[in-house]
Amino acid sequence: MGYREPEFAEVLRSIRATLPGALHVPGHEAILATGSGTMAMEMTVISSVRPGRALLVVNNGVYGDRLKRVAVANQIRCYEVAGDWFTPIGVDAVDAALRAHPDVDAVACVHHETSTGVINPIKEIGALTEDTDVAFIIDAISAAGSEEPDLGEVAADIIVGTASNGLHGLPGISFILASPKGADRLRQVPERNIHLNVATYLDSQQQRLVPFTPAVQACFAMDEAIREFVDLGGFAARTAMYRERAALIRNGFADLSLRMRIAREHRSHSVNLLHLPAGVTYDMLHGELKRAGYVIYAGQGPLAREYFRVCTMGELPLSVLERFLSDLGETLAELAR
């Protein structure tokens, strides 16, 4: 499919028209970019902070820290509200940082910090910037469409996500959703990078064009994924499905005496951070489970030696999770011998 042809222009139009409504932010404008979620977040950071001003980063995990690294690498002044990796960030600390640093132009926060599975209080943080000139940026890469709160309840100026994860599309396409305030900000910031300037994408896509070669097949898959998301009940149905999965698998973990690290009230519905059992290393567990047909992840950064992660995101029937729990129990019993 030629991406300069009218057939692709129609797919681009369809995605941009339906995605904001599907995620309950109909007043936002959708901007598509070929690349990873991290690429889209870097695009957003460098396109949202005006010269001479600063970014305030919420940092309580690997992806919050990555936002800080993006700012530093692009020579954007950056402050951070750092917190414990196992709990949501404190809203009062964000408020205090905004008061202490009047030069802050944007606040960036990860909704679902997948290094641990913690959900941050994006609704409360958004309320701090709603009636100000400060732009609120949400990294919703592993939360859009599947994790609460509903994005429609949040005063977010710019939301970043991907076609995969909660929307169940294919990797390779990311999106940026900009409110009128967010779009104005994107156009106010001078171009810092040719390929990663969000305003360039916005101006082009408003004309049903793309400034650079897109991942055409992933766009077609994304269009279909959005359609299925809506047809199957949208956000309410998908979050209900994820809660059902979480309940099933977490009850199974309890039956296997596996301890979860994140308190129940702070957990996402899709990522589980578990203590490795005594005498079991991640490499041992990963190897045995992969032979059985499953892939688990290590804890990230300093958590790698003590924890492993199980994710229940994507097209996963409950029967697959039940079989996984059975095989996990057998694997742990074998490794304990």
Side-chain angles (χ1 to χ4, degrees), residues 31 33-90 93-94 97-98 100-101 103-122 125 129 134-144 156-162 164-165 171-172 174-176 182 185-186 189-198 201 268 271 273 297-305 307 309:
I31 305 154
T34 292
S36 68
T38 294
M39 184 206 72
M41 278 305 306
E42 182 153 14
M43 290 175 67
T44 299
V45 166
I46 69 175
S47 301
S48 301
V49 181
R50 290 170 290 193
R53 307 208 66 184
L55 178 73
L56 178 64
V57 169
V58 169
N59 183 357
N60 61 336
V62 165
Y63 297 99
D65 186 65
R66 185 173 292 177
L67 290 173
K68 175 186 172 184
R69 290 168 55 205
V70 164
V72 171
N74 287 280
Q75 299 181 330
I76 295 171
R77 186 160 63 253
C78 181
Y79 308 113
E80 65 176 325
V81 179
D84 180 89
W85 279 28
F86 303 119
T87 56
I89 209 72
V94 178
L98 285 169
H101 302 292
D103 58 331
V104 167
D105 212 24
V107 176
C109 178
V110 178
H111 180 182
H112 174 205
E113 181 54 78
T114 48
S115 53
T116 57
V118 163
I119 295 291
N120 276 316
I122 55 170
I125 294 173
T129 63
V134 176
F136 183 37
I137 301 166
I138 297 177
D139 173 343
I141 291 165
S142 61
D157 301 303
I158 304 176
I159 301 164
V160 178
T162 66
S164 53
N165 294 338
S174 298
F175 60 83
I176 298 163
R185 171 60 60 78
L186 293 169
V189 177
E191 185 178 77
R192 287 188 169 103
N193 185 291
I194 300 299
H195 190 260
L196 302 182
N197 184 55
V198 180
Y201 288 74
S268 72
V271 171
L273 183 68
Y297 278 10
Q300 287 186 276
L303 309 182
R305 293 177 61 86
Y307 302 95
R309 291 176 295 157

Visitor: Let's go through Val62 and Leu303 carefully: what are the C-alpha distance in whole Å and the side-chain angles of both, what is the deciding distance for side-chain contact (heavy atoms from CB on, under 4.5 Å) to 0.1 Å, and is it a yes or a no?
Guide: CA-CA 10 Å; Val62 165; Leu303 309 182; over 6 Å; no

Visitor: Shortest non-hydrogen contact from Gly61 to Ser115?
Guide: CA-OG, 3.7 Å

Visitor: On a heavy-atom basis, which atom in Val134 and which in Asp157 lie closest, and how many Å separate them?
Guide: O-OD2, 3.7 Å

Visitor: Apply side chain to side chain donor-acceptor pair (under 3.5 Å) to the pair Arg309 and Gln300, showing each step before the final yes or no.
Guide: CA-CA 9 Å; Arg309 291 176 295 157; Gln300 287 186 276; 3.2 Å; yes

Visitor: Looking at every heavy atom in both Ser48 and Asp105, which two are closest together, and how far apart are they?
Guide: O-OD2, 3.9 Å

Visitor: With a 4.5 Å cut-off on side-chain heavy atoms, are Arg66 and Glu42 touching?
Guide: no

Visitor: Is the shortest distance from a Lys or Arg side-chain nitrogen in Arg77 or Asp103 to a carboxylate oxygen in the other one below 4.0 Å?
Guide: yes

Visitor: Which value, rounded to the nearest 0.5 Å, describes the distance between Ile137 atom CD1 and Ile125 atom CD1?
Guide: 12.5 Å

Visitor: Measuring from Lys68:NZ to Ile76:CD1, what's the distance to the nearest 0.5 Å?
Guide: 14.5 Å

Visitor: Rounded to the nearest 0.5 Å, how far apart are CD of Glu113 and CG of Asn120?
Guide: 7.0 Å

Visitor: Can you name the closest pair of heavy atoms from Leu186 and Val198 and give their distance?
Guide: CD1-CG1, 3.7 Å

Visitor: Rounded at 0.5 Å granularity, tell me how far SG in Cys109 sits from CG in Leu56.
Guide: 9.5 Å

Visitor: Which value, rounded to the nearest 0.5 Å, describes the distance between Asp139 atom CG and Ile158 atom CD1?
Guide: 12.5 Å

Visitor: Is a side-chain N or O of Ser47 found less than 3.5 angstrom from the main chain of Asn197, in a donor-acceptor match?
Guide: no

Visitor: Name the orientation class of the two ring planes belonging to His101 and Tyr79 (parallel below 30°, tilted from 30 to 60°, perpendicular beyond 60°).
Guide: parallel

Visitor: Return the minimal non-hydrogen interatomic distance between Val49 and Ala106, and the atom names on each side.
Guide: CG2-CB, 4.2 Å

Visitor: Taking ring-ring contact (aromatic ring centres under 6.0 Å, His included) as the cut-off, I'd like each qualifying pair that reaches into residues 48-77, sequence neighbours left out, listed once.
Guide: none

Visitor: Which pair of heavy atoms, one from Val160 and one from Thr44, lies closest together, and at what distance?
Guide: CG2-OG1, 3.3 Å

Visitor: Okay, side chain of Thr162, backbone of Gly37: is any donor-acceptor separation there less than 3.5 Å?
Guide: no

Visitor: Can you tell me how far apart CD1 (Ile122) and NE2 (His111) are? Round to the nearest 0.5 Å.
Guide: 4.0 Å

Visitor: Among residues at least two apart in sequence or on other chains, which ones pass side chain to side chain contact (heavy atoms under 4.5 Å, CB included) with Ala144?
Guide: Leu23, Ala140, Leu151, Phe175

